[in-house]
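Note sheet for the following structure.
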Amino acid sequence: MSTETKKKKKLFEKVPHTYFIIVMVVLFVWALTWIVPSGSFDYETTVINGVEREVPVANSYHTIEKNSDNRVSFLDFLTSFHNGMVDNADLIMLIFIVSGAFFIIVKTGAFHALVAATLRKLNGKEKPLIIVCFAIFATGGTLFGMLNEFNGFYPLFVGLGIALGYDALFGMAIMTLGMDLGFASGIMNPYTVVIGQSIAGLPIYSASWFRVIVLLVFSATALFWLFRYGKKIKADPRKSLMNGIEPRYSFDKSELEQYVMNGKCKLIILEIILGIAVLMYGFLKLEWGTTELTGIFILMAVIAAVIDRQSPDQFFDDFLTGCEHVVFGALIVGVARAMLIIMDQGQIVDTIIFYGGTAMKNLPSAFAAEGMLILQTLLNFFIPSGSGQAATIMPITAPIADMVGLSRQVAVLAYQFGDGLSNTLWPTCGIMVSCGLAGIPIDRWWKFFAPLFGLLFIASSILLFVATAIGL
């Protein structure tokens, strides 16, 4: 290879700083507010499954004249980053507190002992463990819509990925792909399927058998991609996408041999299991959110420190060290939020929805489902909330489905695929929190996930075609 070719290759492989990429996207969105007309639907309050939600009134879209209220100035662009930090303060604090608390727990050695014991029992049979863990997260996502509830597990699985001889990204992917693809398939997901079907006037949980097939297809595709990546790393560690990046949490396989699951470790693991059980109950039965999650994690860290006989000084030193490790990922959540703040101020979100929906009316029925999938995928960048997107878009796409001869069931499928799959792609979505907690630069995740997203998008298109063909 010539010197000139090497230089070109090196230049091509150089990825801009993650913050630079996102700031450029925010700048692009700011420019859009000066080009895209401002507009809005009229909204009405509707009770959906006992919850009041604001939904747009059909055929009520109207343009709004550009004025001082919706004209986003350059100063507004600059201050959007501060406002993004404030708006996403709950998620930023979640990352800091969970990481600080978990760092204290990890320092006790209990998780090292647990991983060591697991590896000894596996005796080289690691794939079944990975598949079982993936299935657990997928089940939580598809049945209960669980995402943030699993956040505390990232340090453990990042460390496990390294201990198994892979890398930190591999460990994160076990969790992220499992829960996000489970969420996307949505067999009984209360945040997407239930709301979407309710607005579309469909029986709740109808066509669940088809969503089971969806989950199996998505899971098989993801596991194929995950094991393919893992095999490449095992053959040549230099091919790891994390090559050159110091992992935040690591369990060295050779060092793990010295850890024994003694009484102290068992107590700490037990209190962690109880803490997670309390969290699950709170999320499912008591309507807890991220605030309660941080409180329980602080309690778990305190109990673990007491069992480990840590001094108060050591406790707080370790907590701050854990927080220091996630500054990059935590603050980027606020930076990414700036996009939504600018679009809301410019009042262009409803305009994008209106023109996207109008374009669907002109598509042949054979392609309408695919068009809806593309529209929903793009909209998830602007409305990164499953329930929020359902309440916003389903009142528009359900009647469009009737007009083009498409079933409303297929329209709901297109919505949940577009919302769920892109959650793991767009920087405005939850993937930023996942990368922040796992210590994975977002550009490394994109390198891993972008080709897989292409495969999943093709699979989604085929599934929608099948659903349309069988008259679902």
Side-chain angles (χ1 to χ4, degrees), residues 92-120 133 149-172 174-175 242 245-279 290 293-331 433-440:
I92 294 172
M93 289 303 103
L94 166 73
I95 295 173
F96 277 131
I97 293 175
V98 169
S99 297
F102 211 90
F103 190 83
I104 292 168
I105 296 169
V106 169
K107 284 291 290 290
T108 66
F111 278 118
H112 291 74
L114 177 63
V115 172
T118 303
L119 291 176
R120 281 192 286 267
C133 291
E149 295 86 340
F150 288 132
N151 280 338
F153 289 99
Y154 274 112
L156 174 61
F157 276 84
V158 166
L160 180 63
I162 296 172
L164 292 175
Y166 300 109
D167 63 11
L169 193 151
F170 185 96
M172 171 188 162
I174 297 172
M175 279 188 61
M242 295 297 290
I245 297 177
E246 188 70 25
R248 183 176 304 152
Y249 308 100
S250 61
F251 300 145
D252 186 272
K253 203 167 185 178
S254 59
E255 291 179 0
L256 285 174
E257 295 177 2
Q258 63 182 306
Y259 286 92
V260 179
M261 186 62 78
N262 54 29
K264 180 196 78 172
C265 293
K266 289 178 181 177
L267 272 178
I268 292 173
I269 295 298
L270 177 61
E271 71 101 355
I272 297 300
I273 292 173
L274 290 175
I276 296 297
V278 170
L279 274 176
T290 55
L293 183 148
T294 57
I296 296 298
F297 262 87
I298 289 174
L299 179 61
M300 288 192 292
V302 170
I303 295 173
V306 170
I307 296 173
D308 194 42
R309 297 181 179 178
Q310 295 180 10
S311 68
D313 286 352
Q314 183 184 352
F315 177 92
F316 288 108
D317 281 343
D318 288 344
F319 183 86
L320 291 174
T321 300
C323 291
E324 289 171 6
H325 287 170
V326 295
V327 170
F328 181 97
L331 296 185
V433 177
S434 300
C435 287
L437 289 168
I440 309 295

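For the single chain, residues carry numbers from 1 onward in sequence order. FYI, side chains are in, hydrogens and waters are out, and symmetry mates aren't considered; it's all heavy atoms of this structure.
The shortest side-chain heavy-atom distance between Leu274 and Val278 does not fall under the 4.5 Å cut-off. Counting heavy atoms from C-beta outward, Phe315 and Val302 have side chains that approach closer than 4.5 Å. The shortest distance between side-chain heavy atoms of Ile268 and Lys264 falls below 4.5 Å. Ile105 has its side chain within reach of Ile272: a pair of non-hydrogen atoms, C-beta onward, lies under 4.5 Å apart. Between Ile104 and Gln310, the closest side-chain pair of non-hydrogen atoms falls below 4.5 Å.
Taken from CD1 in Ile440 to CZ in Phe170, the straight-line distance is 12.5 Å, to the nearest 0.5 Å. Atom CD of Glu271 and atom CD1 of Ile307 lie 5.0 Å apart (nearest 0.5 Å). Here the OG1 atom belonging to Thr108 is positioned 5.5 Å from the CG atom belonging to Asp308, to the nearest 0.5 angstrom. If you take CG on Leu299 and OG1 on Thr294, they are separated by 11.5 Å, rounding to the nearest 0.5 Å.
For the residue pair Met172 and Ser434, the shortest heavy atom distance occurs at CE-CB, 3.9 Å. In this structure, Ala168 and Met242 approach most closely via the heavy-atom pair CB-CE, 4.3 Å. When all heavy atoms of Phe96 and Phe319 are compared, the pair lying nearest together is O-CZ, 4.5 Å. Taking every heavy atom of both residues into account, Asp318 and Phe103 meet most closely at O-CD2, 3.1 Å. In terms of heavy atoms, Ala110 sits closest to Cys265 at CA-SG, 3.8 Å. Among all heavy-atom pairs drawn from Gly275 and Ile296, the shortest one is O-CG2, 3.8 Å.
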